[in-house]
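Below: the structure, in structure tokens.
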Amino acid sequence: MEYNFQEIEQKWRKFWAENKTFKTEENKDKKKFYGLDMFPYPSGAGLHVGHPLGYIASDIFSRYKRLQGYNVLHPMGYDSFGLPAEQYAIQTGQHPAITTEANLKRYREQLDKIGFSFDWDREVRTSDPSYYKWTQWIFKQLFNAYYDYDANKAVVIDELIAKFETEGNTSVNAEHNCEIEFTAEEWKAFDAKKQSDILMDYRLTYLADSWVNWCPALGTVLANDEIVNGVSERGGHPVEQKLMRQWSMRIKAYAERLLTGLEKVDWTDSIKDIQRNWIGKSTGASVRFALENGAGNIEVFTTRPDTIYGVSFMVLAPEHELVAQITTEEYKEQVEAYQKAAGLKSERDRMSETKNISGQFTGAYAIHPFSGEKIPVWIGDYVLASYGTGAVMAVPCGDQRDYDFAKHFDIAIKNIFEDVDISEAAYAEKSGTIANSDFLSGLEVKEAMAKAIAAIEEKGLGKAKVNYRLRDAVFSRQRYWGEPFPVYYENGIPKMIEDEFLPITLPEVDKYLPTEDGEPPLGNAKTWSWCINKKILKDNEKQNGTCTWPMELNTMPGWAGSSWYFLRYMDPSNENEFVAKDKVDYWQNVDLYIGGAEHATGHLLYARFWCKFLYDLGFVPFDEPFKKMINQGMILGRSSFVYRVKDTNTFVSFGKRKDYQTTRIHVDINIVDNDKLDVEAFKNWRPEFANAEFILEDDGTYVCGHEVEKMSKSKFNVQNPDDLVEKYGADTLRMYEMFLGPIDQAKPWDTKGINGVHNFLRKLWRLFHDAENNVVISEGEADKKALKTLHKTIKKIHEDLERFSFNTGVSAFMIAVNELTELKCNNKEILESLTILLSPYAPHIAEELWTKLGHEAGTISYATFPEFKEEYLVEDAFAYPVSFNGKMRFKAELPTSMSKEDVEKEVLAMEQSQKYLEGKAPKKVIVVPGRIVNIVV
RNA sequence: GCCUAGGUGGCGGAAUUGGUAGACGCGCUGGAUUCAAAAUCCAGUUCUUUCGGGAGUGUGGGUUCGAUUCCCACCCUAGGUACCA
């Protein structure tokens with residue numbers, strides 16, 4: 001066998017592992033490079049070909065950086081807490097840790113086969129107590145901090161307490177949801193519970209009531225994801241909105257910095273846009289509308305205070321706390337019915353259903369703060385409780401949703417814009433002149449805005465305000481398989497367990513479901529109470545109301561562990577700190593982060609938030625975790641289908657299926673090759689097909705149909721990398737995954753082309769060997785043409801790597817090998833450089849060829865990236881494409897040194913030009929030297 | 001609904017700053033080699049055509065000497081939409 005990839009790859013995998021070729025140490029004499037992958041959740045299905053796409057890209061880039069002399073940190077680990085293992089535990093009773101361990105092992109085996117240059121000594125697992133000890137520790141830091149807007153950073157809570165003790169809270173400028181004001185004296189007079197409650201309103205992680213999708217039948221909270229058409233995906237049970245006491249993260253405090261921080265990171269504009277829109281900064285004013293008969297106030301946030309005279313009704317979210325209070329007897333029944341119906345809808349449904357306008361009048365009226373008019377108060381599900389104040393002042397002439405609502409319910413639409421027709425639609429532009437608005441009439445929108453805000457502030461109705469769509473993030477989960485909180489409740493007051501007793505490890509439970517009283521799964525734990533004297537967990541019976549108290553029953557969400565893991569890789573086994581100062585000072589933030597764009601508003605926002613927080617407290621020296629990011633696209637599966645003739649066991653080939661009534665059936669892609677079904681394998685696939693009969697194409701084959709769709713077990717279209725590594729080798733897989741297309745685009749997985757890449761590697765092998773597989777390499781000066789090929793390739797590979805265009809890089813290698821084969825080049829100098837260039841993409845074969853070129857084993861990983869020399873590429877003639885009216889007609893070979901004028905003269909004089917000019921004089925001639933000639937006739 | 005991305009031959013894709021549309025690979029067709037096959041090598045391969053040419057990058061319009069590339073409107077597909085990770 002000539003290119004024996006199996007032998008070669010096995011050899012080098014072993015070599016790298018035994019020699020720890022990719023072990024990384026801090027080295028102050030070398031520039032550092034930190035290349036990171038989003039770590040995987042180890043699912044039971046194992047790694048499929050979509051996973052390695054990003055890993056291969058980052059591995060190529062990390063290897064490239066090593067060749068450039070960087071000290072490279074390139075680690076891998078696992079986001080090993082998560083729902084699937086818990087779901088499996090619920091079904092089978094098997095502890096999620098066991099499932100997870102088994103899955104991890106499989107992932108590792110699969111990863112090992114692909115030739116990644118990870119430093120496995122740095123592996124982390126979020127579900128490992130030695131890891132989540134520090135997740136709990138960070139949670140405690142958040143609990144013990146608040147956000148001070150004067151310092152514009154997080155500050156330890158002790159400083160806030162000190163302020164309360166000396167000045168109360170009136171002069172405190174902090175992010176909070178504290179509704180009362182108090183003096184120092186009052187503060188000191190509050191009891192412990194009251195003080196705790198007030199501090200809770202300032203802490204960066206805090207307990208508060210949040211709306212959740214509650215499914216009473218399942219006794220659990222559901223993600224929007226798990227709800228289909230208003231009922232639970234599992235079981236089809238009804239779901240309702242419920243307020244629940246939960247931990248939240250005061251990420252809102254960081255809204256502005258999360259926004260401005262985007263300017264200094266090198267991410268795609270699309271991800272930045274997604275985050276910007278998610279944060280959703282808007283400026284305007286908060287305004288209080290008094291209710292009729294002194295029944296209180298409705299506070300709204302509006303971005304258009306200038307349109308306040310256009311208000312003709314108000315709308316509250318159905319869940320708004322005032323609704324019950326203000327609804328009149330007459331409308332009570334309808335309002336409650338409406339609230340109930342709205343409560344059954346998910347937030348997403350409510351936002352999507354813009355065509356079905358719904359709402360209900362409450363019978364209550366507010367008083368317009370300027371005109372004194374009576375304004376009806378409605379409830380409507382287009383107003384969301386979680387955004388702004390959960391109430392809007394509706395200005396139908398200026399907002400399309402308000403307009404539609406008004407039309408639907410026949411509410412008056414007041415036009416407050418000069419010379420604007422609103423008979424068909426609202427006028428939502430932020431320009432024009434305001435009319436019919438008393439003191440605002442005649443003003444431009446901008447001036448009216450300023451004046452309206454001034455008047456609102458003057459009358460004490462509200463103030464200018466910046467609002468963010470970003471909501472504080474709920475941090476509690478009613479699940480088992482997550483980090484337990486290091487929290488117990490002493491007389492209902494949450495208390496943190498001291499650092500030296502961390503980690504608080506997950507307790508054993510006999511079942512993983514919620515308890516019968518609807519408590520989270522940890523409610524099933526028997527030993528889940530904290531003794532404040534002995535500082536240990538005790539059995540729940542020991543709870544005594546004096547020194548042994550109940551522990552928190554929720555666990556942390558999936559994003560807790562993943563919000564800081566990139567720091568732990570720097571110092572994975574440190575038992576005293578989450579990361580040592582000198583290590584984080586050396587490695588700094590991630591230079592290149594590769595992962596999916598689907599994390600734009602989750603993980604990527606939370607990780608930034610925690611990083612800024614840790615920066616504020618002086619734990620890390622940077623406030624953005626990921627300097628540069630590339631988002632890899634999803635890999636879709638290509639399913640194959642057979643067509644069963646109705647009510648028979650006969651299968652008709654794709655080309656003839658239209659002649660019959662057929663049912664399309666997914667068929668395992670492993671028994672299909674280039675759409676041709678292996679008929680015998682199909683008969684053996686399942687018993688029911690053993691006696692299958694076939695109607696074949698005229699050439700005697702059975703052709704399958706195909707479709708590109710999500711890769712999934714049930715569709716029999718999952719490609720796992722192991723089979724491909726087995727069949728073609730890891731180097732082929734690596735290059736093929738890159739060759740598929742641009743890294744950032746979704747693309748279908750199809751193994752049809754993998755042969756081409758494999759052939760390329762064989763062709764490369766043949767450059768070094770004769771027909772009998774003996775190494776034949778010539779020494780001495782290289783041929784000029786070969787040098788040109790080489791340097792063209794160096795330039796291309798370098799440029800393509802710099803712009804993360806891995807697919808075009810593979811093409812460049814193919815072109816190079818094709819050209820060198822044509823030249824019969826086996827020159828050592830050329831092949832050496834080519835081997836180094838290729839080594840990031842195909843490391844195993846590169847290692848093998850490198851030793852054949854006479855180098856020491858293993859040294860190619862730290863070789864020097866070849867230098868590009870322009871001189872080998874200089875051309876003295878260029879074939880100008882000559883266009884007439886932009887249409888290319890012929891080429892004219894002319895010296896590159898020729899002036900613009902001479903090119904024009906030469907081209908016009910050519911016989912072919914005369915043909916297209918048809919005797920007429922050209923209207924215009926454009927010559928771009930070294931590029932193109934265009935003649936306008 | 002909203003936010004983001006994408007749409008180019010039979011297929012994956014290339015065209016980096018507005019300058020030769022279809023690089024490279026697959027597939028397909030024909031040929032060489034072979035007893036035969038595999039492998040390999042060579043040639044061809046956007047569509048259409050009266051063989052002069054004509055059309056062509058989701059659709060319709062615009063800017064330009066010139067548009068896959070820029071602008072406007074629309075259609076389709078994918079991802080996200082706050083408890084999937």
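Throughout, a chain's letter reflects where its sequence line sits, starting with A, and its residues are numbered from 1. Everything numeric in this text was worked out from a predicted model, so none of it was measured.
- Donor-acceptor pairing under 3.5 Å, judged by distance alone, is present between the side chain of A:Lys796 and the base of B:rU16.
- Mapped onto RNA chain B by nearest heavy atom, A:Asn934 and A:Arg469 fall at different nucleotides, with A:Asn934 at the one closer to the 5' end.
- Atom pair A:Phe806:CZ and B:rA14:C1' shows a separation of 17 Å (rounding to whole Å applied).
- By the ring-ring contact (aromatic ring centres under 6.0 Å, His included) test, A:Phe868 pairs with no residue at all, sequence neighbours left out.
- For B:rC3, the base has no donor-acceptor partner in the side chain of A:Arg276 [N/O atoms by modelled type, under 3.5 angstrom].
- A:Lys281 places a side-chain heavy atom less than 4.5 Å from the side chain of A:Leu259.
- When the nucleotides B:rA23, B:rG79, B:rC41 are ranked by their closest atom to the side chain of A:Glu598, B:rG79 comes out on top.
- A:Gln400 has its CD atom 12 Å from the P atom of B:rC2, to the nearest Å.
- Shown for residues 814-824 of chain A: residues whose heavy atoms fall under 4.0 angstrom of RNA chain B, namely A:Met814, A:Ile815, A:Asn818.
- At least one side-chain heavy atom of A:Leu801 sits less than 4.5 Å from a side-chain heavy atom of A:Tyr841.
- Nucleotides B:rA38 and B:rG30 have their P atoms positioned 13 Å apart, rounded to a whole Å.
- Counting heavy-atom neighbours within 6.0 Å of A:Tyr88 OH, excluding the residue itself, gives a total of 12 or less.
- Rounded to whole Å, the separation between the C1' atoms of B:rC75 and B:rA82 comes to 30 Å.
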**Message:** So if I define the base as every atom that isn't primed, P, OP1 or OP2, how would nucleotides 43-55 of chain B read as a B/S/- string at a heavy-atom cutoff under 4.0 Å?
**Reply:** ----------SS-

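- A:Leu605 comes within 4.0 angstrom of nothing in the nucleic acid, heavy atoms only.
- Between the P atom of B:rG6 and the CG atom of A:Asp273 lies a distance of 12 Å, rounded to the nearest Å.
- In this structure, A:Ser883 reaches neither bases nor backbone, as no heavy-atom distance under 4.0 Å exists between it and the strands shown.
- With P as the reference atom, B:rU8 and B:rC3 are 24 Å apart, rounded to whole Å.
- For the P atoms, the distance linking B:rC84 with B:rG79 amounts to 15 Å, nearest Å.
- The base of B:rC83 sits with one of its N or O atoms less than 3.5 Å from a complementary donor or acceptor on the side chain of A:Gln246.
- Taking atom P in both B:rG12 and B:rU17, one finds a spacing of 24 Å when rounded to whole Å.
- In this structure, A:Tyr41 reaches the sugar-phosphate backbone alone: every heavy-atom distance under 4.0 Å involves primed, P, OP1 or OP2 atoms, never a base.
- Rounded to a whole angstrom, the distance from the C1' atom of B:rG44 to that of B:rG22 is 16 Å.
- Considering only side-chain N and O atoms, A:Asn631 lies nowhere under 4.0 angstrom from the phosphate OP1 or OP2 of B:rG79.
- When the P atom of B:rA82 is taken as reference, atom NE2 of A:His603 falls 18 Å away, rounded to whole Å.
- Residue contacts for A:Leu83: at a heavy-atom cut-off of 4.0 Å it reaches the sugar-phosphate backbone alone, with no base atom in range.
- The distance from atom OH of A:Tyr606 to atom P of B:rA85 is 11 Å, rounded to the nearest whole Å.
- Across all strands shown, A:Val221 has heavy atoms under 4.0 Å from base atoms, whether or not it also approaches the sugar-phosphate.
- Between A:Asp269 atom CG and B:rA5 atom P there is a gap of 8 Å when expressed in whole angstrom units.
- Under the Watson-Crick or G-U wobble criterion, with both distances below 3.5 Å, B:rU81 is paired with B:rG1.
- Below 30°, between 30° and 60°, or above 60°: for A:His603 and A:His599 the angle between ring planes is above 60°, a perpendicular geometry.
- If A:Asn277 and A:Asp800 are placed on RNA chain B by their nearest nucleotide, the residue sitting closer to the 5' end is A:Asn277.
- By the 30° and 60° cut-offs, the orientation of the rings of A:His758 relative to A:Phe5 is perpendicular.
- Between the CZ atom of A:Arg608 and the C1' atom of B:rA82 there is a distance of 16 Å, rounded to whole Å.
- Put simply, CD on A:Glu893 is 14 Å from C1' on B:rU20, counting in whole angstrom units.
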